[in-house]
Amino acid sequence: MAQPQYLTGDAAAIDDFIGQFDVFLIDCDGVLWSGDHVFEGIVETLELLRSKGKKVVFVTNNSTKARPDYQRKFTALGIPSDVEEIFGSAYSSAIYISRILKLEAPKNKVYVLGESGIETELRTENVSFIGGTDPNFRRDMTPEDWQGIADGSLLDPDVGCVLAGLDFHVNYLKLSHAYQYLRRGAVFLATNVDSTFPMNHNFFPGAGSIGIPLINMTGQQPVALGKPSQAMMDAIEGKFKLDRARTCMVGDRLDTDIKFGIEGRLGGTLAVLTGVNNKADWEAKDAVAVPAFYVNSLSDLRGASR
Ligand SMILES: O=C(O)[C@H](O)[C@H](O)COP(=O)(O)O
Ligand SMILES: [Mg+2]
């Protein structure tokens, strides 16, 4: 497997790299920021790409926020953006459910294991849901729960799908409800299956680690609709009318971002070393994906000479 080209500090190589692409799909967590800490030079780098007539699209697996929430975060962090430039796994999941899965009534409700980002995007697509941020699910089990979940009296008969995402309030009650719906044949979806979540220059449980108890109990794998899912790539291609050969995926994670770009047959993939994976990960014999290019940080692209 060809090893990636290192661009940092090489103005000619950076010029040539940028010149190969019209569209940059840019990951968020671990590339632009770590939590609310924006990496140095990110604003100027995005400005540089836009000043060269490049299209920037922010593609995140983080389902805790919907596109308008993200735009508020971008603005709060001083990063110019347009809500139409943002494409998250919560949105990808909502359009998959409403336009492809098309759950038939009455079993057309979604049980959400996740945060408000999923709820907002489902509402935008007129998909009804329960669970999620409902405070009635953010508590300990009661004797009534044990009984009502077991005999089904506490379960909603109209649930036809379970959607699992990054949930900072996951608990036994939520997992028990989700499991029962899956036992009853509900479709099992995930916004994404990232094992870890890069935050505040460290790592926390990712969405994949939230949904894994359901995989363990059912033996089923969910259909994941975030990167590297090609359902998401097709939706992005459709929305932005992009030419895959002139498009580059920029990310910090091999098994989501870089795999997404490679399986999407994009013209290029650029790895940054500010997030989850490092050089040793793609140099390993069993590397899940190897990027075409890499830099220490996205802002190294400012090294362009023209
Ligand atoms: O657990 C998660 O959901 C992910 O770690 C997180 O969301 C990754 O976001 P991204 O790097 O795709 O912006
Ligand atoms: Mg990332």
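Read the numbers this way: they start at 1 and go in the same order the structure lists the ligands and their atoms. In this text, all values refer to a predicted model and were calculated from it rather than measured experimentally.
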Legend entry - Same cluster (ILVMFWY, side-chain, under 4.5 Å), L225 and V127: yes
Legend entry - Test of ring centre spacing under 6.0 Å for F293 and Y6: no
Legend entry - N, O or S atom within D252 nearest to the Mg ion (ligand 2), by name: OD1
Inset, instruction - Starting from atom 13 (O) of ligand 1, find the nearest protein heavy-atom neighbour and note its residue, name and distance. - result: T60 OG1, 2.6 Å
Inset, instruction - Could you check I42 against L298 for side chain to side chain contact (heavy atoms under 4.5 Å, CB included), going step by step and ending with a plain yes or no? - result: CA-CA 7 Å; I42 290 298; L298 181 62; 3.9 Å; yes
Legend entry - Cluster check V162, I97: I/L/V/M/F/W/Y, side chain < 4.5 angstrom: no
Legend entry - Those atoms of ligand 1 less than 4.0 Å from some heavy atom in C28: 13 (O)
Legend entry - the Mg ion (ligand 2) to D27: nearest N/O/S atom name: OD2
Legend entry - Selected option - heavy-atom contact closest to atom 2 (C) of ligand 1, from T256, N62, I26, N192: N192
Inset, instruction - Pick one of side chain, backbone, both or neither for how L166 approaches ligand 1, counting any non-hydrogen atom pair under 4.0 Å. - result: side chain
Inset, instruction - Just need the protein heavy atom nearest to atom 10 (P) of ligand 1, so name the residue and atom and give the distance. - result: D27 OD1, 2.8 Å
Inset, instruction - Indicate the atoms forming the closest heavy-atom contact of V83 with Q71, along with that distance. - result: N-CG, 3.7 Å
Legend entry - Closest D29 atom to the Mg ion (ligand 2) [N, O or S only]: O
Legend entry - N61 N/O to ligand 1 N/O under 3.5 Å: yes
Legend entry - Residue part near ligand 1, for T196, under 4.0 Å between non-hydrogen atoms: backbone
Legend entry - Subset of ligand 1 atoms that lie under 4.0 Å from at least one heavy atom of G206: 1 (O)
Inset, instruction - Tell me whether the centres of the aromatic rings in F137 and Y111 are closer together than 6.0 Å. - result: yes
Inset, instruction - Number the atoms of ligand 1 from 1 as they appear, then name those within less than 4.0 Å of a heavy atom of D29, with their elements. - result: 6 (C), 7 (O), 8 (C), 9 (O), 10 (P), 11 (O), 13 (O)
Legend entry - Numbered atoms and elements of ligand 1 in range of F197, under 4.0 angstrom, heavy atoms: 1 (O), 5 (O), 6 (C)
Legend entry - E263/R244 salt bridge by N-O under 4.0 Å criterion: no
Inset, instruction - Begin with the C-alpha distance, continue with both residues' side-chain angles, and end with the deciding distance and a verdict on side chain to side chain donor-acceptor pair (under 3.5 Å) for D151 and S153. - result: CA-CA 6 Å; D151 64 25; S153 58; 2.6 Å; yes
Inset, instruction - Show which atoms of ligand 1 fall inside a sub-4.0 Å distance from at least one heavy-atom site of A207. - result: 1 (O), 2 (C), 3 (O)
Inset, instruction - Give the numbers and elements of all ligand 1 atoms closer than 4.0 Å to a heavy atom of P198. - result: 5 (O)
Legend entry - Qualifying residue for ring pair (Phe, Tyr, Trp, His ring centres under 6.0 Å) with F58, from F24, Y70, F74, F87: F74
Legend entry - Nearest heavy-atom neighbours spanning L242 and I236: CD2-CG2, 3.8 Å
Inset, instruction - Could you see which bit of K227 sits under 4.0 Å from ligand 1, with heavy atoms only: side chain, backbone, both or neither? - result: side chain
